[in-house]
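To start, the structure under review is shown below, and the notes come after it.
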Amino acid sequence: MVAKYARPNSILITGGSSGLGAALARAYAAPDVCLALTGRNADRLAAVAKDCTARGAEVNIAAIDVLERERLADWIDARAVAAPLDLLIANAGISAGTGGDGENEAQTRGILAANVDGVVNTVMAALPPMRARRHGQIAIMSSLAAFRGFPGAPAYCASKAAVRVWGEALRGQLTGDGVAVTVICPGYIKTPMTAVNRFPMPLLMESEKAAHIIRRGLARNKARIAFPWPTYALVRILAALPPGLIDPLLRRLPEKD
Ligand SMILES: NC(=O)c1ccc[n+]([C@@H]2O[C@H](COP(=O)([O-])OP(=O)(O)OC[C@H]3O[C@@H](n4cnc5c(N)ncnc54)[C@H](OP(=O)(O)O)[C@@H]3O)[C@@H](O)[C@H]2O)c1
């Protein structure tokens, strides 16, 4: 546990309206905590805010698409002025996959935009005030899918690989500025995103448990929070094997809808 990161008081989460983002919001919600939550669906955001308020947190919500760069930056600026940010969790993201009609061009561009540009828009807006205060922690939601391109979800894997590598490099770049960066790489978590999958998901984890693991890792200022470890070990092995050996096997894996 690093005392500086153990109890963030002002936390901003993108994708706070659902799944992992909502579970993280609920996990951090407590008296003396200011939560800023964003997503696109105002009703779902309001429901999460209600839970967090009941736990004693002060909550501000805004329905904003992470691709609306200026609106998002203005809102993040306003939140950082109202309650200077201790922790930013750039979590919003989408997936599709090559099941059904296949991953078409529109899906590919949409996934890369939301999962890469959306994360960049979020982090870039929060960074200047953190740098100025020489304080703050940035968590980037990647995935275990970031370590190898899987034929069932090419754009998703590519988007998560991009933000993983970006976050790892940012961590080194921002150390001198007093800003910490952590990359989060979860395996399968039970959320609306995975609810559509019709294939077995090894070690599928409840979002509350995932939020607990992420919170503990962030309190320790870990560079990478990758879990569960057996799935992490598996993807690292798959990534290390020569493509000629492993490609025929990966092609047989089920496709994501
Ligand atoms: N579930 C898993 O197994 C798993 C594993 C590894 C990584 N992840 C990552 O974890 C993150 C959260 O996913 P989840 O599983 O919790 O899925 P989810 O329940 O579908 O939640 C996705 C969240 O992202 C928001 N979002 C998506 N596109 C957005 C956009 N353009 N602008 C603003 N908000 C947007 C959604 O908001 P609205 O619904 O309000 O639009 C929602 O709050 C994603 O980055 C995902 O890739 C998930």
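Keep in mind that what you see is a predicted model, and the values were worked out from it rather than measured. The basis for the numbers below is simple: all heavy atoms, side chains too, and nothing from hydrogens, waters or symmetry mates. When a ligand or atom number is given, it counts from 1 through the structure's own listing order.
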Please check whether [X] reaches ligand 1 - meaning an N/O of the residue sits under 3.5 Å from an N/O of the ligand, judged on distance alone.
X	answer
N41	yes
I94	no
G15	yes
V66	yes

Judged by non-hydrogen atoms, does [X] sit under 4.0 Å from ligand 1?
X	result
L204	no
T194	yes
K190	no

Main-chain N/O of [Y] paired with [X] side-chain donor or acceptor, under 3.5 Å:
X	Y	answer
E208	A23	no
T14	N91	yes
T38	A62	yes
N121	L72	no
T108	A155	no
N197	F199	no
T175	R171	yes
R69	A125	no

Of the choices [options], which has the non-hydrogen atom that lies closest to [atom]?
atom	options	value
atom 7 (C) of ligand 1	G93, P192, S142	S142
atom 5 (C) of ligand 1	S143, S95, G187	G187
atom 48 (C) of ligand 1	Y156, Y188, F227	Y156
atom 20 (O) of ligand 1	M205, R44, M193	M193

Practice task
State yes or no: do I64 and V119 share one hydrophobic cluster built from I, L, V, M, F, W and Y residues joined by side-chain heavy-atom distances below 4.5 Å, directly or via other members?
Solution key: yes

Handout entry: Linked, directly or transitively: W166 and M141 (ILVMFWY side chains, under 4.5 Å)
Key = no

Which residue and heavy atom of the protein sit nearest [atom], plus the separation:
atom	result
atom 37 (O) of ligand 1	S17 OG, 3.1 Å
atom 41 (O) of ligand 1	R40 NE, 2.6 Å
atom 18 (P) of ligand 1	S18 OG, 3.5 Å
atom 6 (C) of ligand 1	P186 O, 3.4 Å
atom 9 (C) of ligand 1	M141 CG, 3.6 Å
atom 31 (N) of ligand 1	D65 OD1, 2.9 Å
atom 14 (P) of ligand 1	T191 OG1, 3.5 Å
atom 16 (O) of ligand 1	L20 N, 2.8 Å

Problem - N-O pairing of R79 and D74 below 4.0 Å - result: no

Suppose I only count heavy atoms of [X] and a 4.0 Å limit; which atoms of ligand 1 are within that range?
X	result
G19	16 (O), 19 (O)
N91	10 (O), 11 (C), 12 (C), 44 (C), 45 (O)
A92	24 (O), 25 (C), 26 (N), 34 (N), 35 (C), 45 (O)

Practice task
Under the salt bridge (Lys or Arg N to Asp or Glu O under 4.0 Å) rule, collect the residues that match up with R131, sequence neighbours excluded.
Solution key: D177

Exercise for the section: Working to the nearest 0.5 Å, report the span between SG of C157 and CZ of R148. Expected result: 9.0 Å

Practice task
Sort and list the pairs that fulfil ring-ring contact (aromatic ring centres under 6.0 Å, His included) and have at least one residue in residues 114-148, not counting sequence neighbours.
Solution key: F147-Y232

Practice task
Report the part of I189 in contact with ligand 1, treating N, CA, C, O as backbone and CB onward as side chain, heavy atoms under 4.0 Å; options are side chain, backbone, both, neither.
Solution key: both

Problem - Proximity to ligand 1 by part of L144, non-hydrogen separation under 4.0 Å - result: neither

